[in-house]
Amino acid sequence: MTDFIKRLMRSPQGAIGTIIVLLVLVAVAFGPYLAPHDPEAMSILARFKGPSADFLLGTDQYGRDIFSRLMIGARSTVIMAVVATLIGTVVGALVGVTSAFLGGRADEVIMRTVDAVMSIPSLLFALIIVNLLGSSDINALLAVSIAFAPGMARISRAVALSARKQDFVSAAIARGEKPNFIVLSEMLPNTVAPIIVEMTIRVSFAIMLFATLSFLGLGAQPPSEEWGLMVSEARRYMHISSWILVWPSLAIALVAIGFNLLGDGLRDVLNPKT
Amino acid sequence: MSASYLTKRVALIFYTLLIVSLIVFAMTQILPADAAVMMLGENATEEALAALREQMGLNNPVWTQYLHWIAGVFQGDFGTSLRTGLSVGPVMVEALSRSLLLALFSICLMLFIAVPLGILAAVRRGKIVDMAVSLISYVGVSLPEFVTATLALLFLADRWKLLPPTGYVPLTENFWDGVAHLIMPAAVISIILVAHVSRMVRSEMVDVLHTDYIRAARLKGLSSRQVLWGHALRNALLPTITIVALDVGYLLGGVIVVEEIFAIPGIGRQLIIAIQARDLPSIQAGVLIMAATYCVVNFIADILYSLLDKRIQYD
Amino acid sequence: MTSDTAAPVLSVEGYSLDYLTAKGPFHALKNISLSIGAGEIVGLVGESGSGKSSLAWSIMRYLPGNAHEVSGTIRFDGSDLMARSNSEIEAIRGKRISMVFQDPATSLNPTLSLGRQISEVLIRHQGLSKKQAWAEAEARLAHVGLKTPAQMMHRYPHEASGGEKQRVVIATAFACNPELIIFDEPTTALDVITSRQILELFQSLQQETGVASLYISHDLALVASTAHRVSVINRGEIVEQGKVGEIFTRPQDPYTKKLIAAVPDPSVRLAGSEPDYAAKPLAEVENVSVIYGRKPFFGRFSKKAGNHVTGNRAVNLAIQPGEILGIVGESGSGKSTLAKAMTGLNKFEGEIRFEGRPIHSIADMSDSYRRDVQIIFQHPDASLNPRKTIGDILSRPYRLYTEYSGKAMRDEISRLLEQVKLPASYAARYPHQLSGGEKQRVAIARAFASQPKLVICDEITSALDVSVQASVIELLMELREEFGTAYLFITHDLNLVRQIAHRIAVMYRGDLIEIAPTRDITAPQRAAYTRQLLEAVPVPVARSAP
């Protein structure tokens with residue numbers, strides 16, 4: 001484990017990604033305790049303030065401290081993305097691995113159907129589901145999970161198939177091992193790594209997707225501190241102060257970059273070839 | 001490429017659209033309110049509602065409704081909009097033409113930037129240029145369209161007045177004004193694609209530059225330039241066709257956001273309006289058309305690939 | 001042929017090369033001195049990692065960024081190659097020094113026509129126009145024995161056979177009448193008969209042009225039959241060099257001696273006691289056919305069309321208890337397919353009988369059959385799960401077939417490791433911490449854990465160096481002495497199979513051509529294909545050794 005972390009920190013992507021993601025996780029866990037101001041405390045006198053010693057990143061249209069709002073908002077933004085990606089990955093991996101295991105016609109039908117679902121842009125898919133089910137956190141979560149599942153299914157299937165072709169799996173079959181041993185003990189340990197890498201990178205897409213949903217008014221609702229919603233609300237006041245627009249945008253980008261970098265770092269470390 | 005392959009490939013498009021139509025239809029069935037209430041409003045009388053339900057076939061079993069709808073689609077009739085009362089098909093097709101213009105503009109812009117960037121990074125692997133490209137691509141891939149669009153509007157249009165803000169001007173009306181209105185939306189859409197495609201081109205190119213045949217070409221005494229243009233480029237760019245085609249799915253998603261922000265009356269904006277108004281026939285038509293676009297693009301990409309790469313033999 | 005008085009075409013003196021790695025410099029070449037005169041063929045023999053390819057890259061001035069030339073000179077035609085500028089080197093490569101590579105499948109650009117790939121050299125170095133170059137290239141292809149050069153010019157690499165492609169590569173190397181050609185294992189990737197033809201082509205072209213040649217190979221027998229002089233390289237050092245006859249008959253250096261001793265020689269039999277042919281056969285294969293079915297739809301990107309590929313057609317053979325039955329054939333002959341059918345990895349038609357019990361399908365393969373019939377694969381890297389320790393890997397057969405568990409099982413695993421001459425402490429290691437030969441020993445140990453009656457060896461030594469191969473074979477022979485195990489030994493190495501097998505089965509394109517006792521394999525009544533195979537194999541070198 002320590003060796004693993006050492007190797008992860010050796011690559012620039014891995015090191016920067018880990019640091020960013022750790023900082024984000026700190027904000028998620030302790031955001032409410034670390035926020036210097038009450039994120040809902042409004043002040044008519046302190047509207048549209050630029051960054052200062054008191055208000056690190058300035059204030060918004062109601063005079064609320066932007067930094068505090070971002071700290072609180074980390075929770076809803078990041079946790080939702082991680083959970084949705086997790087659900088999408090589990091569902092997708094189940095479909096993909098099953099399809100690879102079944103093989104033949106069943107595999108073909110399943111994968112063609114997955115392809116068909118993928119021909120609907122995931123944003124559109126999520127938009128429709130959220131709208132039809134009503135905009136709430138749970139529905140948004142569901143929408144993004146469903147939108148992610150087909151892509152993960154494709155990847156897990158490809159990974160499972162390549163593991164299936166390995167000689168050590170052939171050796172296990174020739175030895176007379178039971179199918180569940182082959183899948184769980186021989187194939188799974190060799191498929192988890194690429195799936196984890198893909199999942200990490202997808203967290204950043206999920207963050208962007210949730211933010212987009214909120215931006216279009218179909219995710220989190222005011223006065224939530226969700227970052228996409230903050231950008232959306234700031235749009236009306238951007239002529240007065242660009243800070244209120246820039247900070248939440250940067251926050252979204254930073255977290256997305258963090259997960260992207262971490263994913264690439266993990267890819268290098270988990271690749272047995274290196 | 002054989003005729004049987006083409007047949008299979010076309011059959012696949014129909015299978016995809018069948019699945020998409022089932023998904024879309026199923027999704028609209030879970031809607032809590034019914035279409036008649038939506039059309040006539042909450043205060044409509046029971047009799048009026050019942051009459052409309054009868055007229056729209058809402059009392060029929062679900063599968064008859066589906067068959068009725070799909071039969072109409074095959075004849076080019078996507079139904080009537082619950083919001084405007086207009087026929088959905090022509091509205092959507094007109095919107096699609098505007099979106100396709102935007103998409104095409106974005107793809108061209110993207111290729112124009114991404115391909116040279118990827119090649120440059122691969123050739124100068126590990127050097128400053130490579131790191132710069134890699135940084136650009138990390139940042140680019142992490143910026144949602146609504147963020148870049150909003151920032152672009154704030155700075156390019158509002159602050160510095162370099163480009164016209166929102167709106168759409170048909171090219172036939174005023175060509176240069178139309179183009180000027182397209183630049184910002186297209187640039188916003190292409191940012192993420194540039195980031196993704198340039199990374200793919202780079203990694204393909206790096207792989208190709210490490211192959212035995214590139215080494216063999218160098219050892220035949222060809223110059224780096226001859227090797228790059230004559231031997232490596234073609235092999236590295238071929239897979240890009242497939243990657244770009246698959247990215248069209250993402251691009252269509254971007255089109256939705258960008259059209260909404262820049263007020264371009266394309267299919268994305270139509271869809272948002274339809275979704276917000278819960279205008280079922282419009283939603284169904286829009287999704288189906290988007291999926292069909294994606295399928296056709298990928299079909300073309302497959303054909304193009306097989307024409308350019310002699311190794312591929314479809315059976 | 002060798003003219004000692006004239007200045008050599010190539011002379012390398014006191015050359016050392018390091019690769020700078022994160023763990024410090026790696027000494028790839030140490031104080032190399034080597035010269036090649038006009039018209040001379042110098043063989044460079046070494047095992048993988050010996051630095052023989054590094055020397056080729058140094059001469060071609062094609063070194064990676066982390067290469068550091070510590071000392072020495074490389075002189076070509078009297079002038080210092082190391083002092084030449086980039087563009088001067090580009091003008092020399094392909095024109096005055098050219099190269100033939102190991103695998104024609106990867107050294108030709110898949111998306112350019114063969115004609116384009118040979119004519120571009122003529123355009124670049126001879127200043128010919130496109131049209132002139134095309135015509136000249138066609139003549140060159142005719143000269144290397146390609147029957148339809150005009151058509152071949154328009155073909156793409158995937159439309160030509162391996163032998164044809166290598167002829168194109170050779171024609172390209174000879175195109176500008178160079179003074180020196182480096183041949184880097186030019187026949188290793190080819191089948192036996194094709195590689196014989198390529199070798200003959202090389203010899204006739206070399207005699208005709210008198211080009212100085214550096215012939216790099218791991219194959220001692222091959223080099224002995226081609227080169228005038230030979231240098232043996234081991235871990236970056238040339239340990240011995242001299243005339244071919246002298247080195248192979250009176251080697252001085254211990255490494256050379258070991259290497260020569262390790263080369264399979266059919267006249268030195270290792271097979272051990274003959275099996276009892278009167279006894280009931282251990283395993284019988286009757287009319288076994290394997291047909292690879294329709295390609296799935298997503299397999300449409302496959303390189304070649306062709307829906308039904310026959311792996312085996314009605315194969316019949318029998319193995320006696322304790323017999324070593326060799327199966328030889330070129331790639332695609334179906335020898336591995338048979339191994340897969342017998343171990344339940346491929347569906348098959350027909351009947352397999354094991355100790356008289358009939359088996360018609362994979363479902364008929366009982367636990368006792370699985371225990372008695374074990375398989376070892378070609379690549380030990382792929383056949384050991386990289387995420388499990390050696391101990392875990394070896395515990396599986398005990399868990400499946402025996403009552404052993406806990407400490408008793410660990411003791412058994414230690415004993416097993418010692419039996420394959422590995423320290424018992426290896427049980428705690430992971431596969432990537434072992435060398436190729438050690439990994440193959442682990443795979444052998446896994447197969448022998450259940451004390452099987454038949455072990456199928458599918459090309460188990462072809463990924464190994466010749467000295468490692470010799471020790472693995474020695475181990476197999478010892479294990480057979482001890483347990484009386486029968487082997488189905490699949491290989492493409494005829495000399496090796498003639499050393500160890502009691503009988504040899506010859507396969508060709510899915511058909512079993514014949515089975516013959518090893519001592520009769522050279523008899524004139526053998527099938528034409530068998531004779532062709534045997535004739536294509538180079539004469540082993542050690543035969544004349546005292």
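Scope of the values below: all heavy atoms of this structure, side chains included, with no hydrogens, waters or symmetry mates. First the proteins, then the strands, lettered A, B, ... as listed; each starts at 1.
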When only pairs under 4.5 Å are counted, which of [options] shares the most heavy-atom pairs with chain A?
| options | answer |
| --- | --- |
| B:Ser134, B:Gly253, B:Cys295 | B:Gly253 |
| B:Val287, B:Thr150, B:Val24, B:Leu143 | B:Thr150 |
| B:Val255, B:Val147, B:Leu151, B:Ile275 | B:Ile275 |
| B:Ile283, B:Val141, B:Leu18, B:Leu252 | B:Val141 |

Got a second to check how far [X]'s [atom1] is from [Y]'s [atom2], nearest 0.5 Å?
| X | Y | atom1 | atom2 | answer |
| --- | --- | --- | --- | --- |
| A:Ser119 | B:Leu17 | OG | CG | 7.0 Å |
| A:Leu127 | B:Ile256 | CG | CD1 | 6.0 Å |
| A:Glu108 | B:Leu12 | CD | CG | 9.0 Å |
| A:Ser232 | B:Phe146 | OG | CZ | 8.0 Å |
| B:Ile23 | A:Phe125 | CD1 | CZ | 5.0 Å |

Review point. If you check every heavy atom in residues 243-251 of chain B against those of chain A, which residues fall under 4.5 Å?
Key: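 Contacts with chain A: B:Gly249, B:Tyr250.
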Sort by residue number and list every member of residues 187-199 of chain B having a non-hydrogen atom under 4.5 Å from chain A.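 If one takes a 4.5 Å heavy-atom cut-off, the residues of residues 187-199 of chain B near chain A are B:Ile192, B:Arg199.
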Using non-hydrogen atoms only, which part of [X] is less than 4.5 Å away from chain B: side chain, backbone, both, or neither?
| X | result |
| --- | --- |
| A:Val114 | neither |
| A:Leu250 | neither |
| A:Thr212 | both |

Okay, B:Leu271 and chain A: the region with an atom under 4.5 Å from a heavy atom over there is side chain
- [ ] Check whether B:Glu145 gets within reach of chain A through its side chain, its backbone, both or neither, counting any heavy atom under 4.5 Å.
- [x]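 Neither the backbone nor the side chain of B:Glu145 comes within 4.5 Å of chain A.
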Would you say that A:Gln13 contacts B:Tyr138 through its side chain, given a criterion of any heavy-atom pair below 4.5 Å between the two side chains?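 Yes, side chains in contact.
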Side-chain donor/acceptor pairs under 3.5 Å, residues 257-265 of chain B, sequence neighbours excluded:
| from | atom 1 | to | atom 2 | distance (Å) |
| --- | --- | --- | --- | --- |
| B:Glu259 | OE1 | B:Ile267 | N | 3.4 |
| B:Glu259 | OE1 | B:Gly268 | N | 2.7 |
| B:Glu259 | OE1 | B:Arg269 | N | 3.0 |
| B:Glu259 | OE2 | B:Ser99 | OG | 2.6 |

Listed by number, the residues in residues 252-260 of chain A that come under 4.5 Å of chain B (heavy atom to heavy atom) are A:Ile252, A:Ala253, A:Ala256, A:Ile257, A:Asn260
Item checked: A:Asp115 and B:Tyr15: side chain donor to acceptor below 3.5 Å ->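 Judged by distance alone, the side chains do not pair up.
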**Request:** Apply side chain to side chain contact (heavy atoms under 4.5 Å, CB included) to the pair B:Met290 and A:Leu124, showing each step before the final yes or no.
**Result:** CA-CA 10 Å; B:Met290 277 219 165; A:Leu124 182 56; 3.9 Å; yes
- Item | Max heavy-atom pair count under 4.5 Å with chain B, selected residue of A:Ser122, A:Ala211, A:Ala234 |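 Heavy-atom pairs under 4.5 Å are most numerous for A:Ala211.
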